[in-house]
Protein chains: 2
Amino acid sequence: MTPGDDTVETRELAYFVAVAEELHFGRAARRLGIAQPPLSRAIQQLERRLGVRLLERDHRTVTLTDAGATLLREGHTALAAVSAAVRRTRRAGRSEPSLVLAAKPGGDADLLPEILAAYAATPGALPVDIVFSARERGAMVRDGRADAALLHAPREDLTGLAVEELLVESQVAVLPRGHRLAGRAELSMADLDGEPLPRWPSAVPEGFSRIAESGQLMHLVALGRAVAVVPESIRANLRHDVVGVPVADAPPTTLVLAWPQNTRSRALAAFVRAAAEAARLSRP
Amino acid sequence: MTPGDDTVETRELAYFVAVAEELHFGRAARRLGIAQPPLSRAIQQLERRLGVRLLERDHRTVTLTDAGATLLREGHTALAAVSAAVRRTRRAGRSEPSLVLAAKPGGDADLLPEILAAYAATPGALPVDIVFSARERGAMVRDGRADAALLHAPREDLTGLAVEELLVESQVAVLPRGHRLAGRAELSMADLDGEPLPRWPSAVPEGFSRIAESGQLMHLVALGRAVAVVPESIRANLRHDVVGVPVADAPPTTLVLAWPQNTRSRALAAFVRAAAEAARLSRP
DNA sequence: GGGGGTCATACCGCGAGGGTATCGCCCGTG
DNA sequence: CACGGGCGATACCCTCGCGGTATGACCCCC
């Protein structure tokens, strides 16, 4: 009850987040694997300790107060920070250290071999494990599953990450070989108005399930069901039945190496330096 | 004992951080206000749960393992995230909402009145509380004591913050009126070689206590005990016995408005917009 | 007006966390 | 070399708080 008590247990945070997301004590309790009454009590106790009403219950429905909304947001990031701490600690305790790099299949602008070679030539270089993911690379760095990731700005969100720019690329439209625009030397975004979505990969095409992998997207393009605008470096790896045409006014994309800020690992610093150097050397 | 348990209570984190900082179970226990044996047990249990050795004890001295060092770092930021969540929640629950802006005395480039006026003219504007601090403004934003702060990049660390650039300034050297360089129209950094420290405010002058406030620094300058290199905007508010001389090759300083990333408060967004607009309008 | 659903309250049992006492160990020191 | 002091670990106990079950209060809907 001391008002100066400025901390809260992660269990309480997790309980509140569950209730705030479900807006239903029973479901939240089931999701947490506990009974409903203890959960009600825990939330009341949390409200008492914070001196703030978090939820408005009117016996039929549960809604968030302003304070509850901020605790949902902030509590989420706090919980993420805690489990990131746990994961990074576990990784740091492994007997044989290594670096985990998250990359996107075909999304490395063919820089990966040079980067790995440059780092491997560093004295004391650790083995590097590559893990591929299309959409989770940023999250993997943030939550400690990976030490670093290759990301595309501004398509991907870089908040909370430290970054090193590797390569600025213009973009190309990927079209089926027989498309009316496929023969053009250059396009503008306006030329693509009315073309079937998704213009941007990882958007949800109408009536289709989420695109999980670039092969699916390219297949859709080949079928004439989609048009993709992607960094020009993937032109080197297009399937035979699609073509890439430069889009003059598409915003340039930057390939960056991202890692968690606050990290001061010797190995990671060396890797970042090697990657920057490799990117610099392979620039025309 | 389930290895998939990916979380840790904040109490355990705080316990470990205390031990890791003190490197002494007895002192850490005293600092935490508990007895030593429960603390030993808690750390052992934490190590068991993480499956990682955090501390090396050789019956005389305690040292951190690699994993312990990362848990110290990461645990610190995780605890900070938790108490920031608590503070922001408490603030969001106040009955009469307001914005807290952290500024440095004399460090606003005289923009503050315009910014406040521009925001006050916004429909639905909240009252703005100004809190002054020379060195803690970044920390205040990070831990939820303030909603936003005026910071000087690159002098101050912006990691973990979202920022809006307000003003790029060149820098001036502040010298005693009778100084041999005081009459010059312009200096270079080389001219200041050998001048008494601190060149940069908030550095620690030899033999002096830490400078807590810019008035102290200006006093030291007047006494000929220090030379300061500061943004040119403070020239408008110099005491009579010191002068400001432009330093041609000093790196430019950027005045930024910073706020916690992940914040999506209506009021804060309006304030940022108003500040950016005010800064744009007052630019020559 | 009764039944189902939802959150709060009442009550209980157990286990985790904290306290005291003590051990084991090492290192000074006379 | 014996001894005392300092430190972390262990042993043991006790309390409090978390979680469980049963039930109440209230509202909505049929």
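All chains are named by letter (A, B, ...) in the order of the sequence lines, taking the proteins before the strands, and each is independently numbered beginning at 1.
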Would you sort out whether B:T159 and B:R142 count as a side chain to side chain contact (heavy atoms under 4.5 Å, CB included), showing the intermediate values? CA-CA 10 Å; B:T159 57; B:R142 275 180 260 261; 4.0 Å; yes
Is there a side-chain polar atom (N or O) of A:S40 under 4.0 Å from OP1 or OP2 of C:dA8?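 It does, given that an N or O in the side chain of A:S40 lies less than 4.0 Å from OP1 or OP2 of C:dA8.
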Can you tell me the distance, in whole Å, between the [atom1] atom of [X] and the [atom2] atom of [N]?
{"X": "A:R57", "N": "C:dT9", "atom1": "CZ", "atom2": "P", "value": "9 Å"}
{"X": "A:D58", "N": "C:dC7", "atom1": "CG", "atom2": "C1'", "value": "11 Å"}
{"X": "A:L55", "N": "C:dT6", "atom1": "CG", "atom2": "C1'", "value": "14 Å"}

Could you encode protein contacts along nucleotides 13-23 of chain C as a string, one character per nucleotide from 5' to 3', using B for base contact, S for sugar-phosphate-only contact and - for no contact, with a heavy-atom cut-off of under 4.0 Å? ----SBBBB--
With a 4.5 Å limit on heavy-atom distance, are the side chains of [X] and [Y] in contact?
{"X": "B:L13", "Y": "B:L71", "result": "yes"}
{"X": "A:L64", "Y": "A:L23", "result": "yes"}
{"X": "A:D129", "Y": "A:L101", "result": "no"}

Assess whether salt bridge (Lys or Arg N to Asp or Glu O under 4.0 Å) is satisfied between A:R49 and A:E12, documenting all intermediate values. CA-CA 11 Å; A:R49 260 205 272 173; A:E12 309 181 79; 2.5 Å; yes
Test A:V19 against A:F25 for side chain to side chain contact (heavy atoms under 4.5 Å, CB included), laying out the working first. CA-CA 6 Å; A:V19 175; A:F25 281 75; 4.1 Å; yes
Do A:R145 and A:E136 sit within salt-bridge range, that is, some charged N less than 4.0 Å from a carboxylate O?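 A salt bridge links A:R145 with A:E136.
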Walk along DNA chain D from 5' to 3' and tell me the first and last nucleotide with an atom closer than 4.0 Å to a non-hydrogen atom of chain B.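 With heavy atoms of chain B under 4.0 Å away, the range is D:dG5 to D:dC12.
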Judged by modelled atom types alone, do B:T77 and A:N262 share a side-chain donor-acceptor pair under 3.5 Å?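 On atom types as modelled, these side chains do not qualify, holding no pair under 3.5 Å.
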